[in-house]
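Worksheet: one structure, shown below.
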Amino acid sequence: MPELVYLDNAATTKMLPEVLDAMMPYLTDKYGNPSSIHSFGASCNAACDEARKKVASVINAKENEIYFTAGGTESDNWALKSVAYMKKSKGKHIITSAIEHHAIFETCEFLARDGFEITFVGVDDKGIIKMDELKAAIRQDTILISVMYANNEIGTIQPIREIGALARSKGILFHTDAVQAYGHIPIDVEADNIDLLSASAHKLHGPKGVGMLYMKNNIKLTPFIHGGAQERNRRAGTMNVPGIVGFGKAAEIAKKNMAANGAKLKEMNYYLMDKILKEIPFSKLNGDRDKRLPGSVNISFRFIEGESMLMMVDMKGVAASTGSACASGSLDPSHVLLAIGLPHEIAHGSIRLTMSEDTTKKDLDYTVGVLKEVVSKLRAMSPLYEDAVRRKEA
Ligand code: PLP
C-alpha cells in the first residue's frame with residue numbers, strides 16, 4: 001500500500017521545494033516593505049515585479065495588468081463587486097453560470113440582496129454552459145458576464161473564447177474565475193477576449209493566501225480593499241512579498257511544464273475513469289469525458305452516501321473530496337451535480353479525485369481497489385441497494 005495517496009489537488013496542492021527556496025530569503029533576511037524607498041524595500045519591490053512578469057506570462061498578459069490579492073476568493077469578490085458598483089448607472093444585470101464556485105455564487109447572492117439582478121445560466125448534462133441560454137439572457141442593462149474557466153468539482157472546461165467573443169461583441173465586460181485552470185491548461189487572455197481573470201497560487205504548487213486579478217489595460221476597477229497606495233492605488237495593504245515571490249516561481253514552473261504535465265494527466269484521467277467505470281458497477285462519470293481538466297475525475301456511485309465513502313477511503317490512506325473544499329462538510333448535495341441533472345440521491349454518492357503530476361498509476365490502482373471495497377461494504381448496508389437487487393435493477 002502506498003503511504004498516502006493524495007487525490008485532492010483541486011482543494012490545494014503541495015508546495016514545490018523550488019517555490020519554498022525562492023520564498024525563503026523573503027521570509028528571513030529580505031524583510032523590507034516594497035513601498036519603502038531604501039534598499040531593503042527596493043529589492044523586495046524588484047522581486048515582486050519579477051514575479052508579476054512571470055504570473056502575467058502564463059496567460060499572455062502584460063505585467064501591469066496583474067494585481068496581487070490574497071487569493072481567488074478576493075479576486076472574484078473584487079471583480080464582481082467593483083464592476084457592479086462602477087457600472088450600476090448603466091445597468092444592474094449580471095450573468096453567471098449555475099455551476100460557479102461559492103466565491104462567485106455568494107458574491108452574486110450578496111449583490112442580489114443589494115438590488116442587482118443575477119441570471120444563472122444553465123449547463124448541459126456534461127456541465128458545459130448552454131450558449132443559447134447565455135445569448136438569450138443578454139439584455140440592454142447587462143453589465144458583466146462571469147463564467148468560470150474550468151469547474152472545480154467536475155473539471156469541465158467551458159467554451160471561454162466563444163463566451164468572451166460574445167461579451168465583447170455586445171460591449172459587456174467578461175470575467176472568468178480561472179482558479180482551477182490557471183497554470184494547468186493554456187489560457188490566452190487576448191485570444192480569449194477576457195477582461196478580468198482570477199487565479200490563486202495554491203492551486204499550482206504555490207503558497208496559500210496569494211492570488212491575482214488580471215485586469216485588461218483599458219479597464220480600471222475601483223479598489224475593493226481601501227487603504228494605502230499599493231498595487232498602483234488599486235489594492236491596498238502591505239504586499240505579501242514571500243507569497244508573491246512564491247506565486248511567481250510556481251507560475252514559471254507551471255508554464256514550463258504545462259504541456260508535459262497536461263499530456264500525462266490527461267492520460268491518467270482516462271486510465272482512472274475507465275478503470276473505475278469498468279470495475280465498479282453502477283458508477284457514472286460526471287462532466288465531459290474529454291473537455292476536462294487534466295488530472296480531474298468525478299464519479300457517482302449509486303446507493304452510496306458520499307461522506308461515509310470519503311471517511312472510509314481516508315482510513316485506507318486515500319485523501320479525496322466530494323466537491324469544492326468549502327462545500328464539503330455540508331449535507332446539501334453539490335449545486336454543480338444538481339445543475340448537470342443528477343438526482344439528489346446520486347449526487348450524494350459522488351467523489352472527486354484530483355491528481356498532481358506526482359500521482360502514479362500505482363496510486364490509482366490502489367485507489368480503485370479501496371473504492372471497490374468501500375463501495376461494496378456500503379452497498380451491503382444499503383436497504384435501497386438490497387431492494388434494487390431484489391427488483392433486479394442492480
Ligand atoms: N474559485 C474556484 C473555481 C476555486 O476552485 C477556488 C478554491 O477552491 C476559489 C475560487 C477560491 O480560491 P482561494 O482558495 O484562493 O480563495
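Worth knowing before you read on, the calculation uses all heavy atoms, side chains too, and leaves out hydrogens, waters and symmetry mates. Counting starts at 1 for both ligands and their atoms, following the listed order.
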_Lys208 touching ligand 1 at heavy-atom level, < 4.0 angstrom_ =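 No, Lys208 has no heavy atoms under 4.0 Å from ligand 1.
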*His102 to ligand 1, any heavy atom closer than 4.0 Å*: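 It does not; every heavy atom stays at 4.0 Å or beyond.
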*With Ser356 via side chain to side chain donor-acceptor pair (under 3.5 Å) - residues at least two apart*: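 In terms of side chain to side chain donor-acceptor pair (under 3.5 Å), with neighbours along the sequence ignored, Ser356 is linked to no residue.
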*N/O of Gly72 under 3.5 Å from N/O of ligand 1, yes or no?*
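The answer is yes, given that Gly72 and ligand 1 share an N or O pair closer than 3.5 Å.
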Need the ligand 1 atom indices (1-based, order shown) with element for anything under 4.0 Å from a heavy-atom of [X].
| X | answer |
| --- | --- |
| Asp76 | 1 (N), 10 (C) |
| Thr73 | 11 (C), 12 (O), 13 (P), 16 (O) |
| Gly71 | 15 (O) |
| Asn152 | 3 (C), 5 (O) |
| Ser200 | 13 (P), 15 (O) |

*In terms of ring plane angle, is the pair Tyr67 and Trp78 parallel, tilted or perpendicular, where the classes change at 30° and 60°?*
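Geometry flag for Trp78 against Tyr67: perpendicular rings.
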_side chain to side chain contact (heavy atoms under 4.5 Å, CB included), that's the test. Do Ile143 and Met86 meet it? Break it down for me._
CA-CA 10 Å; Ile143 49 172; Met86 277 172 73; over 6 Å; no
*So, are Lys126 and Asp124 salt-bridged, with charged N and O less than 4.0 Å apart?*
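Between Asp124 and Lys126 there is no salt bridge, as every charged N stays at least 4.0 Å from the carboxylate O atoms.
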*Treat each ILVMFWY residue as a node, draw an edge where side-chain heavy atoms are under 4.5 Å apart, and state whether Ile157 and Ile59 are in one component.*
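Yes: a chain of side-chain contacts under 4.5 Å links Ile157 to Ile59.
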*Answer side chain, backbone, both or neither: which part of Glu74 comes under 4.0 Å from ligand 1, heavy atoms only.*
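Contact part for Glu74 vs ligand 1: neither.
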*Would you kindly specify which portion of Met148 sits under 4.0 Å from ligand 1, judged on non-hydrogen atoms: side chain, backbone, both or neither?*
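The side chain, only.
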*asked:* Could you check whether any side-chain N or O of Lys216 sits under 3.5 Å from a backbone N or O of Leu196, counting only pairs where one atom can act as donor and the other as acceptor?
replied: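 No, because the side chain of Lys216 does not come within donor-acceptor range (under 3.5 Å) of the backbone of Leu196.
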*Set of residues satisfying ring pair (Phe, Tyr, Trp, His ring centres under 6.0 Å) with respect to His335, sequence neighbours excluded*: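 With sequence neighbours excluded, His335 shows a ring pair (Phe, Tyr, Trp, His ring centres under 6.0 Å) to His102, Phe105, given in chain and number order.
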